[in-house]
Amino acid sequence: LRARGTRTELLTPGAIPANFEFLPGAGRIRDAGATPPEEIARLLAAVDLALVVDTHGFALLGSLGPLLASASVPVLFLDHHPPATPPPPGTFCDPEASSTGELAWPVVRALAGEIPAPVATCLYAAIAYDTNSFKYLRGRAETHAIAAELVRLGADTDEIYRHLFASNRPGKLRLLGDVLRGTRYAAEGRIAWVRVSRTLTALTAATRDDLRDAVTHLLEVGGVEIAASFVEMEDGSCRVSLRSMGRHPVNPVARELGGGGHSLAAGVHLAESIDEAVPLVLARLRVAVSESPPGAQPAAGGGAGPARQG
């Protein structure tokens with residue numbers, strides 16, 4: 001859009017994580033949470049269109065959500081998460097896509113023609129991150145074809161991998177070690193789960209991305225079909241992340257409890273304490289795995305596996 005002479009403003013609901021600061025254009029993004037609401041309101045009044053990516057609702061946009069919802073500017077949503085309720089008008093959603101980066105590809109290509117290398121790098125990073133470096137693709141030849149084209153256009157795959165997957169803090173490794181030591185099993189080893197205390201979160205300065213990565217490692221244990229992490233929050237509530245190897249969708253469990261996400265990667269924030277949340281969620285997961293015998297094969301196709309949500 002900038003290349004076509006269009007003025008653009010970039011906003012996020014919070015600060016950009018340090019491992020994304022290398023991306024071209026990251027320095028132009030404003031943290032809406034650290035910007036006075038009246039300044040955001042003036043900005044929204046001056047633009048012709050607001051495009052929201054990677055969600056199709058206002059609730060996940062922090063302080064930016066109410067301002068966007070009440071603004072007179074048209075709002076469009078580009079997302080790949082399954083809608084829990086009828087999405088708002090102007091929502092373009094494809095749950096089969098690996099990532100919002102994959103959905104953005106044809107839009108950017110239509111606007112830009114030949115895509116420059118910095119843009120290719122951003123699109124490739126979006127796809128690589130949400131698929132955990134292409135680990136969680138199932139039956140999506142289209143995604144690999146797009147990634148190959150982005151490499152041809154100059155995406156810097158080495159730098160992307162180094163920043164997104166090979167720049168872990170010592171605190172994250174400490175968190176992962178404690179998570180692996182504390183892993184417990186249910187349903188004859190088909191469910192792996194772990195409690196993460198707020199003391200451990202504070203000690204390791206764990207981010208949400210750190211915690212989401214940690215639960216993904218539980219799926220790498222042989223025989224495990226569903227993984228769950230229970231993270232104790234400062235206010236005594238519990239954030240639950242669920243992952244599946246493919247045999248059992250976890251989105252229904254998350255939705256039943258008031259959360260959501262992908263079929264194979266979902267989450268929910270429960271008001272209950274961690275002691276109350278563990279048996280509440282495990283009972284539902286036991287029902288989920290009981291619907292098929294151990295070793296049943298996951299369904300073929302169906303898009304990405306446990307994308308990084310929840």
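Numbering of residues begins at 1 and proceeds along the displayed sequence.
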K.L.:
Might you point out which heavy atoms bring Leu257 and Val268 nearest each other, and give the distance in Å?
P.N.:
O-CG2, 3.5 Å

K.L.:
Between Ser133 (side chain only) and Lys135 (backbone N and O only), is there a donor and an acceptor less than 3.5 Å apart?
P.N.:
no

K.L.:
Would you name the heavy atoms of Ser98 and Thr131 that are closest together and state the gap between them?
P.N.:
CB-CG2, 3.7 Å

K.L.:
Any side-chain heavy atom of Val119 sitting closer than 4.5 Å to one from Pro116?
P.N.:
yes

K.L.:
Check whether any side-chain heavy atom of Arg162 sits under 4.5 Å from a side-chain heavy atom of Ser167, and report yes or no.
P.N.:
yes

K.L.:
Under the side chain to side chain donor-acceptor pair (under 3.5 Å) test, which residues partner Arg184, sequence neighbours left out?
P.N.:
none

K.L.:
I'd like to check Trp105 versus Leu150 (side-chain heavy atoms, cut-off strictly below 4.5 Å). Are they in contact?
P.N.:
yes

K.L.:
When the aromatic ring centroids of His262 and His81 are compared, is their separation below 6.0 Å?
P.N.:
yes

K.L.:
Once you round to the nearest 0.5 Å, how far does OH of Tyr185 lie from CD1 of Ile191?
P.N.:
12.5 Å

K.L.:
Enter the distance from Arg239:CZ to Ser229:OG here, rounded to the nearest 0.5 Å.
P.N.:
10.0 Å

K.L.:
Any side-chain heavy atom of Asp31 within less than 4.5 Å of one from Ile16?
P.N.:
no

K.L.:
Report yes if the side chains of Leu103 and Phe92 come closer than 4.5 Å at any heavy-atom pair, otherwise no.
P.N.:
no

K.L.:
May I have the step-by-step check of side chain to side chain donor-acceptor pair (under 3.5 Å) for His80 and Glu102, ending in yes or no?
P.N.:
CA-CA 9 Å; His80 71 124; Glu102 181 175 335; over 6 Å; no

K.L.:
Hey, does the side chain of Asn251 reach the backbone of Ala266 with a donor-acceptor pair shorter than 3.5 angstrom?
P.N.:
no

K.L.:
Looking at every non-hydrogen atom in both residues, tell me the closest pair between Pro74 and Leu49 and how far apart they are.
P.N.:
O-CD1, 3.6 Å

K.L.:
Rounded at 0.5 Å granularity, tell me how far CG in Leu51 sits from CZ in Phe77.
P.N.:
9.5 Å

K.L.:
Determine the minimum heavy-atom distance between Leu285 and Ala228, stating which atoms define it.
P.N.:
CD1-CB, 4.0 Å

K.L.:
Counting only pairs under 3.5 Å, give me each side-chain donor-acceptor contact of residues 60-70, with atom names and distances, residues two or more places apart or in other chains.
P.N.:
unit_1: Ser70; atom_1: OG; unit_2: Pro66; atom_2: O; d: 2.9
unit_1: Ser70; atom_1: OG; unit_2: Leu67; atom_2: O; d: 3.3

K.L.:
Return yes if some donor-acceptor pair links the side-chain N/O of Thr91 with the main-chain N/O of Cys93 below 3.5 Å, else return no.
P.N.:
no

K.L.:
Of all residues at least two apart in sequence or in a different chain, which pass the salt bridge (Lys or Arg N to Asp or Glu O under 4.0 Å) check with Glu9?
P.N.:
Arg7, Arg30

K.L.:
Shortest non-hydrogen contact from Glu21 to Ala26?
P.N.:
O-CB, 3.7 Å

K.L.:
So do Val52 and Leu78 actually touch side chain to side chain, heavy atoms under 4.5 Å?
P.N.:
no

K.L.:
How far apart are the C-alpha atoms of Val224 and Arg190, what are their side-chain angles, what is the distance that settles it, and do they pass the side-chain contact (heavy atoms from CB on, under 4.5 Å) test?
P.N.:
CA-CA 4 Å; Val224 171; Arg190 300 171 70 186; over 6 Å; no

K.L.:
Under the 3.5 angstrom rule, does the side chain of Arg284 hit a backbone N or O of Leu280 as a donor-acceptor pair?
P.N.:
yes

K.L.:
Going by the salt bridge (Lys or Arg N to Asp or Glu O under 4.0 Å) test, which pairs reach into residues 257-267, not counting sequence neighbours?
P.N.:
none

K.L.:
Is Arg247 reaching over with its side chain to a backbone N or O of Glu225, donor-acceptor style, under 3.5 angstrom?
P.N.:
no

K.L.:
Does anything in residues 19-48 form a ring-ring contact (aromatic ring centres under 6.0 Å, His included)? List the pairs, not counting sequence neighbours.
P.N.:
Phe20-Tyr129, Phe22-His163

K.L.:
Starting from Leu200, walk the hydrophobic network (Ile, Leu, Val, Met, Phe, Trp, Tyr; side-chain heavy atoms closer than 4.5 Å) and list everyone else you reach, by chain and number.
P.N.:
Leu175, Leu176, Val179, Leu180, Val194, Val196, Leu211, Val215, Leu218, Val231, Met233

K.L.:
How far does CG of Asn19 sit from CG of Asp209, to the nearest 0.5 angstrom?
P.N.:
6.5 Å

K.L.:
In Å, rounded to the nearest 0.5 Å, how long is the span from CG of Asp54 to OG of Ser99?
P.N.:
8.5 Å

K.L.:
Output all residues satisfying side chain to side chain donor-acceptor pair (under 3.5 Å) with Thr207, sequence neighbours left out; order by chain, then residue number.
P.N.:
Asp210

K.L.:
Which residue pairs satisfy the salt bridge (Lys or Arg N to Asp or Glu O under 4.0 Å) criterion with at least one member in residues 59-75, sequence neighbours excluded?
P.N.:
none

K.L.:
Return the set of residues passing side chain to side chain donor-acceptor pair (under 3.5 Å) with Arg174 (not counting sequence neighbours), or none when no residue passes.
P.N.:
Asp178

K.L.:
Under the side-chain hydrogen bond (donor to acceptor under 3.5 Å, both in side chains) definition, can you give me all pairs with a residue in residues 144-158, not counting sequence neighbours?
P.N.:
Glu149-Arg152

K.L.:
Answer yes or no: is there a donor N or O on one side and an acceptor on the other, between the side chain of Glu39 and the main chain of Pro36, under 3.5 Å?
P.N.:
no

K.L.:
Under the side-chain hydrogen bond (donor to acceptor under 3.5 Å, both in side chains) rule, what pairs show up with a residue in residues 194-203, not counting sequence neighbours?
P.N.:
Arg195-Asp275

K.L.:
Closest approach of Val250 and Leu264, non-hydrogen atoms and distance?
P.N.:
CG2-C, 3.7 Å

K.L.:
Could you list the residues that satisfy ring pair (Phe, Tyr, Trp, His ring centres under 6.0 Å) with Tyr161, not counting sequence neighbours?
P.N.:
Phe165

K.L.:
In terms of hydrophobic clusters joined by side-chain contacts under 4.5 Å, are Phe134 and Val151 together?
P.N.:
yes

K.L.:
Can you tell me how far the CG atom of Leu44 sits from the CZ atom of Arg42, to the nearest 0.5 Å?
P.N.:
11.5 Å

